[in-house]
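Keep in mind that the numbers below use all heavy atoms, side chains included, and drop hydrogens, waters and symmetry copies.
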Amino acid sequence: MVEARPFTHREAGTDEPTWLLAAGWDDVARLDLGALIRGCTRVVVLAPHPDDETLALGATVADLGAESIEVIVVFATHGGRGPGSTPRRIEAEHAMATLGAHVQAVWWDLPDGGLPAAEQELVRRLAELVDARTVLFAPAECDGHSDHDAAARAAEMVARARSATLLNYPVWLWHWATPEDLQWNRVRTLSPTLAGLRAKESAIGCYTSQLDASEDAPIVGASVLRRAHRAFETVLLPADPDLARRVAGHVIDPRARDDVAEPFDAMLTGTEDPWHLDDFVYERRRLGLVLACLGRERYQRVLEIGCATGQLSEELIGRADTVVALDASARALQVARQKTDAVRWICGAVPADLPNERFDAIILSEVGYFLDGPELVATLRAARRRLTVRGEIVLAHWRGPTRGIPLDGRAVHKQAAALMDLPLRARYEDVDLIVEVWGEPVSVYREYRGAS
């Protein structure tokens with residue numbers, strides 16, 4: 001990892017599209033945290049300041065607590081200059097309560113901004129909490145803040161001495177660094193639950209002193225929040241090779257197509273339309289709204305991701321020279337093929353089975369929330385790469401609550417908005433549904449008026 005460059009919180013930092021569209025993510029593995037903590041007695045999160053733990057790992061902490069795993073968040077400083085309680089300490093207590101009853105806060109009241117000078121004391125205290133059955137999360141060694149870097153050095157020293165499992169988390173690295181600076185082979189993703197993501201969002205909201213911009217630019221500004229509100233979380237393998245080897249093998253393979261398809265295939269047993277796509281007013285209205293939001297009368301090539309039994313793809317035939325539709329469910333595609341042979345139907349899971357071709361419209365309708373955070377971002381990234389220069393990406397999702405699936409419509413569209421480097425051309429929202437169109441034409445009126 002390169003040495004951190006100087007930065008301030010007043011700068012916007014590296015934007016989210018630059019990070020999330022980076023090719024480095026393509027080979028990033030997902031950490032098998034469940035296997036890693038199996039047999040461990042506790043998880044310790046070392047936070048130099050109140051809010052570091054939540055910005056980086058709040059959703060994971062909430063999920064671990066919900067599983068009754070002992071989680072200790074150590075606040076090395078209380079984020080203020082004087083002794084005793086500060087607004088940030090009070091805020092952190094509220095944030096920990098929001099993350100869950102099994103999350104315990106420990107306060108060391110070391111000097112804010114003075115952790116490099118207190119590094120040996122940090123090592124001594126941390127060694128009393130950590131042993132060989134501890135998973136220790138600590139800042140990345142190159143996070144770029146002196147307190148964070150000191151905490152990282154102390155954690156590495158203790159992990160080696162106590163044979164603990166160490167993982168590093170970035171906070172400010174996302175701000176000052178670029179994708180070219182990152183050692184991508186050290187990166188692992190975590191996939192929190194929707195409940196964990198919601199708890200994290202609420203916990204971040206507890207840190208009002210960091211979100212306040214009444215006197216200066218907020219410490220936790222808009223760019224920091226966009227990174228913190230990703231639908232996944234990120235850790236780094238330790239820089240020390242021996243410590244890295246302890247965790248490097250704990251990865252989860254991507255879901256196979258059969259695993260993705262199984263619940264949908266089961267729903268199609270004995271019926272060709274379990275979702276009532278043909279006769280339910282909501283579904284017919286959704287299809288009509290998606291078609292109405294398309295910016296062009298005619299397309300060369302359109303791709304529908306998650307086509308199910310093919311209702312929308314069949315409608316698209318009249319708007320495109322070529323329609324390609326993909327779904328993981330072989331049974332759904334059997335039904336779709338009975339409707340028309342004018343569509344090229346592909347049985348596959350995203351993002352792995354997306355055709356390596358270019359399209360001037362790509363549609364994801366009622367599919368994003370069946371993907372977890374890493375899968376969603378990987379799919380959006382793959383779709384963006386397959387879009388022609390003046391193409392458009394359409395997302396349409398139910399706005400109501402979801403059960404038994406990884407995300408909801410709000411989470412999908414929030415993540416898409418952070419990732420897209422395209423203009424938002426259209427947005428429709430009502431109680432039931434949200435439709436967003438990213439790309440060109442920015443103005444349908446000007447495009448066709450100028451062409452006539």
Side chain [X], main chain [Y], donor-acceptor under 3.5 Å:
| X | Y | answer |
| --- | --- | --- |
| Glu375 | Asp372 | yes |
| Asp149 | Ser146 | no |
| Arg42 | Leu129 | yes |
| Arg358 | Leu387 | yes |
| Asp360 | Arg301 | yes |
| Lys200 | Ala228 | yes |
| Asp259 | Arg255 | no |
| Gln415 | Ala231 | yes |
| Thr86 | Gly79 | no |
| Glu156 | Pro238 | no |

Checklist entry - Any cation-pi pair here, Arg386 with Phe359, using under 6.0 Å and within 45°? => result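 Judged by the rule (NZ or CZ under 6.0 Å from the ring centre, within 45° of its axis), Arg386 is not positioned above Phe359.
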
Atom [atom1] of [X] and atom [atom2] of [Y]: how far apart are they, to the nearest 0.5 Å?
| X | Y | atom1 | atom2 | value |
| --- | --- | --- | --- | --- |
| Leu312 | Leu277 | CG | CG | 10.0 Å |
| Met96 | Gln104 | CE | CD | 12.0 Å |
| Ser163 | Leu243 | OG | CG | 9.0 Å |
| Thr189 | Leu33 | OG1 | CG | 11.5 Å |
| Leu433 | Tyr428 | CG | OH | 7.0 Å |
| Ile252 | Ser191 | CD1 | OG | 8.0 Å |

Strictly below 4.0 Å, N to O, side chains only: are [X] and [Y] in salt-bridge contact?
| X | Y | value |
| --- | --- | --- |
| Arg227 | Glu233 | no |
| Asp421 | Arg384 | yes |
| Arg88 | Glu93 | no |
| Asp430 | Arg285 | yes |
| Arg385 | Asp26 | yes |
| Glu447 | Arg390 | yes |
| Glu121 | Arg124 | yes |
| Arg257 | Asp327 | no |
| Arg246 | Asp240 | no |
| Glu201 | Arg198 | yes |

Any heavy-atom pair between the side chains of [Y] and [X] that's under 4.5 Å?
| X | Y | value |
| --- | --- | --- |
| Thr178 | Asp181 | yes |
| Glu304 | Val324 | no |
| Leu110 | Leu115 | yes |
| Val251 | Leu31 | no |
| Arg399 | Asp432 | no |
| Leu36 | Leu167 | yes |
| Trp438 | Pro423 | no |
| Val158 | Leu122 | no |

Next on the checklist: Is the ring pair His175/Trp172 parallel, tilted or perpendicular, if the boundaries are 30 and 60 degrees?
Outcome noted: perpendicular

Item to check | Whether His49 and His148 hold their rings parallel, tilted or perpendicular, with breakpoints at 30° and 60° | outcome: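 The arrangement is tilted - the two ring planes meet at 30° to 60°.
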
Checklist entry - Any side-chain hydrogen bond (donor to acceptor under 3.5 Å, both in side chains) pairs touching residues 12-22, not counting sequence neighbours? => result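 Qualifying pairs: Asp15-Thr18, Glu16-Arg230.
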
Checklist entry - Going through the distances and angles, do Asp109 and Arg89 end up as a salt bridge (charged side-chain N to carboxylate O under 4.0 Å, His left out)? => result CA-CA 10 Å; Asp109 289 333; Arg89 179 165 182 165; 3.3 Å; yes

Item to check | side-chain hydrogen bond (donor to acceptor under 3.5 Å, both in side chains) between Thr134 and Asp131, intermediate numbers included | outcome: CA-CA 5 Å; Thr134 302; Asp131 60 24; 3.1 Å; yes

Item to check | Pairs meeting criterion ring-ring contact (aromatic ring centres under 6.0 Å, His included) with involvement of residues 117-138, two or more places apart | outcome: none

Item to check | From CA spacing to verdict: side-chain contact (heavy atoms from CB on, under 4.5 Å), Arg188, Leu236 | outcome: CA-CA 6 Å; Arg188 297 290 185 271; Leu236 305 178; over 6 Å; no

State whether the number of non-hydrogen atoms from other residues, nucleotides or ligands found under 6.0 Å of [X] atom [atom1] is greater than 12.
| X | atom1 | result |
| --- | --- | --- |
| Asp242 | CG | yes |
| Glu128 | CD | yes |
| His9 | NE2 | yes |

Checklist entry - According to the salt bridge (charged side-chain N to carboxylate O under 4.0 Å, His left out) rule, which pairs have a member within residues 134-148, sequence neighbours left out? => result Glu141-Arg186

Short side-chain donor-acceptor distance under 3.5 Å, [Y] and [X]:
| X | Y | result |
| --- | --- | --- |
| Arg286 | Ser365 | yes |
| His78 | Asp112 | no |
| Ser329 | Asp265 | yes |
| Thr41 | Glu70 | no |

Checklist entry - Which of these passes side-chain contact (heavy atoms from CB on, under 4.5 Å) with Leu197: Asp63, Thr60, Leu407? => result Leu407

Item to check | Ring centres under 6.0 angstrom apart (Trp25, Phe232) | outcome: yes

Item to check | Stepwise side-chain contact (heavy atoms from CB on, under 4.5 Å) test for Val394 and Leu364 | outcome: CA-CA 6 Å; Val394 183; Leu364 297 89; over 6 Å; no

Next on the checklist: Checking Ile393 against Val437 for the side-chain contact (heavy atoms from CB on, under 4.5 Å) test, could you report, in this order, the C-alpha distance in whole Å, the side-chain angles of both residues, the deciding distance, and whether it holds?
Outcome noted: CA-CA 6 Å; Ile393 294 177; Val437 183; over 6 Å; no

Checklist entry - If every non-hydrogen atom of Ala105 is compared with every non-hydrogen atom of Phe75, which pair is closest and at what distance? => result CB-CE1, 3.8 Å

Item to check | Closest heavy-atom pair and its distance - Thr98, Cys206 | outcome: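 Nearest heavy atoms, Thr98 then Cys206: OG1-SG, 3.7 Å.
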
